[in-house]
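These notes concern the structure reproduced below.
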Protein chains: 2
Amino acid sequence: MTFYPSLANLAADIAVFTLVEAELRVLLIRRANPPFQGMWALPGGFVEPHEDAHSAARHELTEETGIPEGSFHLEFVAAYTAPGRDPRNRVASFAYMALVPQVPPTAAGGDAADAALLPVAGVLDGTVPVGFDHRTIIGDALEHARDRLENTTIAAAFCPPEFTVTELRRVYEAVWGTRLDMRNFHRKVTGIEGFLEPTGRKTTRDGGRPAELYRTGEATRLRPPMYRG
Amino acid sequence: MTFYPSLANLAADIAVFTLVEAELRVLLIRRANPPFQGMWALPGGFVEPHEDAHSAARHELTEETGIPEGSFHLEFVAAYTAPGRDPRNRVASFAYMALVPQVPPTAAGGDAADAALLPVAGVLDGTVPVGFDHRTIIGDALEHARDRLENTTIAAAFCPPEFTVTELRRVYEAVWGTRLDMRNFHRKVTGIEGFLEPTGRKTTRDGGRPAELYRTGEATRLRPPMYRG
DNA sequence: CCGGTTCGTGTCATGGTGACGGGAAGCTAG
DNA sequence: CTAGCTTCCCGTCACCATGACACGAACCGG
C-alpha cells in the first residue's frame, strides 16, 4: 500500500445564480470566521465521507439556503486543486452552478444568516470583494452558463414553472449581456420541438397584450444552437 | 479549526486518444498490482502536494508514456468523487483527455511497460474489461471529445504538424463514428478563418491527386459549429 | 374612444448546409 | 503513351436558419 501523502479535503462550492429585475445576481454569504472573516464567499461545505461531490452540493443548497428541492438546476462547472488556494490546508473544491427562479427571503437578506444576492458584474469587476479564489470560480461559472444557454434549454431553470417568451428572453439578455430581437427570439424558441409547451393560459403581468404561458418540454439540447448577438 | 475528517487522495487519470488506421484507440496499461491486478486501466497517478491536477496529468503523460511535451492537447473532462470507487481508500480522480497524433512505440507495445492502444469501441461495449470506473471515464471522455470537435478546432491535435484535409476528416469520422461528405467538409474547414493555414507544400501519401498540406492556425472556436452527420 | 404598451406573425435578403456533378492531377498496368 | 484508377478540389442547386424590419392584435388607462 504505497499511497502518496497528498491528502486533501474535498469541498463543494455553489454559485447560485438568479435574476433580480433583469439583472444577474449571485448568492454570497458573509464569512463569520477566518480566513477571509467578514468577506463574501460562495455557499458550500465539505464533502462528507458517505457522499459524492454532487450530493454534497445538493445538500448545501437545500440546507444552507433553503431553496426547495426540485426547484433548481444544479450542474458541475470545474474543479480547483491548486495548492494553497485555502490557506489552512489543502482543499480540492468542486464548483457547481445552480440556476434558480427565485431565492427565498430566508436565505438572502434574512438577518440570521448574513447572505445577499449581489450583482455578478460587481463581483467580476472587483467592486464586491470575495474571499478565496471565488471570484475566479464565479467567472468560470458565468462563462459555463453562457455556453450552456447557447446549446441547451437550461435557461428555463431561471423561470417559474409557467413563464412567457419574454421572461425567457430576459434570461438570455441578462446572462449574455446583450439585447435580442424579440420577434426572432420568439420564432426561434417556439420553433424548437419540445422546448416550450403551451399551457393555454395567458398572463398580463408585463402589461400590454396578454402573453402566452409556457412550461418546459422534454428537449434539453439546442441544435442548431442559440447565437449571442 | 473544524475540519471534517473526510480526507481523500487526489489522482489524475488520462484517456490518451489517438488514431490507428482510421480507428479511435485509447492507451491502457496493464495493472501490475492489486486492486484489479492484471486488468487494463488508464495511465495516471496521484497529485503531489506541490502541484495541481493539471500539472499532475501533464507529468504523468510525459513521464509515464514518453509522449513529448508540446505534441499533445490535454484537457480536463470530469471529476469522479464517489466513495468506494477505489476499494482501498477514498480517491477523488480528475479525468483528463489527451489527443495525440501518435503514441511512441516505447509506450504502447513496449515489452517493459505492459501498455497497449486498444479500440475505444471495444472498451465501451465490454469486450476489453478495464478496472475501477475507468470504463465510465473513457465513455465520458469520448462524449466530451465529440462535443469539442463540434465547437473547437482541437481535431487538428490528432494530426501531425502538417496534414491534409482528408486526414482531418478521418479524425471527425473516427471520433463521431460517421461518414462525412468530402466536398462539403473541405468547403467548411477551408472557409473558416484561421483554422487551416496552407503551407504551399503538397503530398501524395494517400495516392491520387496530390493534396494540399496545412498547419493549424490561430482559431480555436468553431462558430457556427461542425454538425455530425 | 384613443393612445400607449406589449405580444405575435409575416416578409425579405443573406448566408450556411446537404446533396451531387465533374474536372484536375497524380499513380500504375499494359 | 494511353487507359483506367485513385484522390483532390471546384462548382451548382435547393433548402433552411438567421438578421433586420413592418404591421396587426390585444389589453390597459385616461
Side-chain angles (χ1 to χ4, degrees), chain A residues 21-22 149-153 159-160 162-173 176 178-215 219 221-229, chain B residues 21-22 149-153 155 159 162-173 176 178-215 219 221-229:
Chain A
E21 327 238 337
L149 255 62
E150 277 190 324
N151 297 305
T152 74
T153 62
C159 298
E162 298 198 353
F163 55 93
T164 67
V165 175
T166 293
E167 287 164 351
L168 187 67
R169 181 172 50 89
R170 278 198 232 288
V171 171
Y172 279 90
E173 292 179 337
W176 284 351
T178 59
R179 302 286 297 171
L180 298 176
D181 185 281
M182 166 68 185
R183 298 155 293 189
N184 292 334
F185 183 83
H186 190 282
R187 177 184 56 193
K188 169 83 174 179
V189 295
T190 56
I192 296 167
E193 188 79 18
F195 191 0
L196 301 183
E197 296 197 344
T199 65
R201 274 183 292 282
K202 293 171 184 289
T203 182
T204 59
R205 58 189 172 216
D206 285 334
R209 172 175 170 177
E212 201 84 28
L213 281 169
Y214 296 90
R215 62 172 149 266
R221 227 178 145 66
L222 295 184
R223 194 201 143 134
M226 294 279 303
Y227 292 115
R228 334 188 186 183
Chain B
E21 327 237 337
L149 256 62
E150 277 190 325
N151 297 306
T152 73
T153 61
C159 298
E162 298 196 353
F163 55 93
T164 67
V165 174
T166 292
E167 287 164 351
L168 186 67
R169 182 172 51 87
R170 279 197 230 288
V171 171
Y172 278 91
E173 292 179 336
W176 284 350
T178 59
R179 304 284 299 170
L180 297 176
D181 185 281
M182 167 68 186
R183 298 157 290 188
N184 292 334
F185 183 83
H186 190 280
R187 178 184 55 191
K188 169 81 174 183
V189 295
T190 56
I192 296 167
E193 189 77 19
F195 191 178
L196 301 182
E197 295 197 345
T199 65
R201 274 184 293 282
K202 292 173 186 287
T203 181
T204 60
R205 59 187 169 214
D206 286 332
R209 172 174 170 178
E212 202 84 27
L213 281 169
Y214 296 90
R215 63 173 148 265
R221 226 178 147 67
L222 296 184
R223 197 206 140 131
M226 294 279 303
Y227 292 114
R228 336 189 185 180

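Side chains are part of it too, since the values below use all heavy atoms of this structure and drop only hydrogens, waters and symmetry mates. Below, chain A is the first sequence line, B the second, and so on; all start at residue 1.
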Does B:Thr166 put a side-chain nitrogen or oxygen below 4.0 Å from OP1 or OP2 of D:dC8? yes
Between OH of B:Tyr214 and C1' of D:dC8 the distance, given in whole Å, is 10 Å
Taking only residues two or more places apart in sequence or in another chain, which ones pass side chain to side chain contact (heavy atoms under 4.5 Å, CB included) with B:Pro198? B:Tyr214
In a table with atom names and distances, give each donor-acceptor pair under 3.5 Å that connects a side chain of residues 204-212 of chain B to protein atoms at least two apart or in another chain.
{"residue": "B:Arg205", "atom": "NE", "partner": "B:Glu167", "partner atom": "OE2", "Å": "2.6"}
{"residue": "B:Arg205", "atom": "NH2", "partner": "B:Glu162", "partner atom": "O", "Å": "3.2"}
{"residue": "B:Arg205", "atom": "NH2", "partner": "B:Glu167", "partner atom": "OE1", "Å": "2.9"}
{"residue": "B:Arg205", "atom": "NH2", "partner": "B:Glu167", "partner atom": "OE2", "Å": "3.1"}
{"residue": "B:Glu212", "atom": "OE1", "partner": "B:Lys202", "partner atom": "NZ", "Å": "3.2"}

Please enumerate all protein N or O atoms sitting under 3.5 Å from an N or O of nucleotides 27-30 of chain D, with distances to 0.1 Å.
none

Between A:Phe185 (CZ) and C:dT9 (P), how many Å, whole number? 15 Å
Rounded to whole angstrom units, what separation is found between the NE2 atom of A:His186 and the P atom of C:dG8? 4 Å
After noting the C-alpha distance and the side-chain angles of A:Thr153 and A:Ile192, does the key distance pass the side chain to side chain contact (heavy atoms under 4.5 Å, CB included) rule? CA-CA 10 Å; A:Thr153 62; A:Ile192 296 167; 5.8 Å; no
Protein-nucleotides 17-21 of chain C N/O pairs closer than 3.5 Å?
{"residue": "C:dT17", "atom": "OP1", "partner": "B:Lys188", "partner atom": "NZ", "Å": "2.5"}
{"residue": "C:dG18", "atom": "N7", "partner": "B:Arg187", "partner atom": "NH2", "Å": "2.9"}
{"residue": "C:dG18", "atom": "O6", "partner": "B:Arg187", "partner atom": "NH1", "Å": "3.0"}
{"residue": "C:dA19", "atom": "N7", "partner": "B:Asn184", "partner atom": "OD1", "Å": "3.4"}
{"residue": "C:dA19", "atom": "N7", "partner": "B:Asn184", "partner atom": "ND2", "Å": "2.9"}
{"residue": "C:dA19", "atom": "N6", "partner": "B:Asn184", "partner atom": "OD1", "Å": "3.3"}
{"residue": "C:dG21", "atom": "N7", "partner": "B:Arg183", "partner atom": "NH1", "Å": "2.7"}
{"residue": "C:dG21", "atom": "O6", "partner": "B:Arg183", "partner atom": "NH1", "Å": "3.1"}

Can you see which heavy atom on A:Pro225 is nearest to which on A:Asn151, and at what distance? CB-OD1, 3.3 Å
Checking all strands, does A:Thr190 fall into the base, sugar-phosphate, or nothing category for heavy-atom contacts under 4.0 angstrom? nothing
C:dG8 C1' sits how many Å from A:Leu196 CG, rounded? 14 Å
For B:Tyr172, what residues pass the ring-ring contact (aromatic ring centres under 6.0 Å, His included) criterion, not counting sequence neighbours? B:Trp176, B:Phe185
Applying side chain to side chain contact (heavy atoms under 4.5 Å, CB included), can you list everything that pairs with A:Arg183, at least two apart in sequence or on another chain? A:Asp181
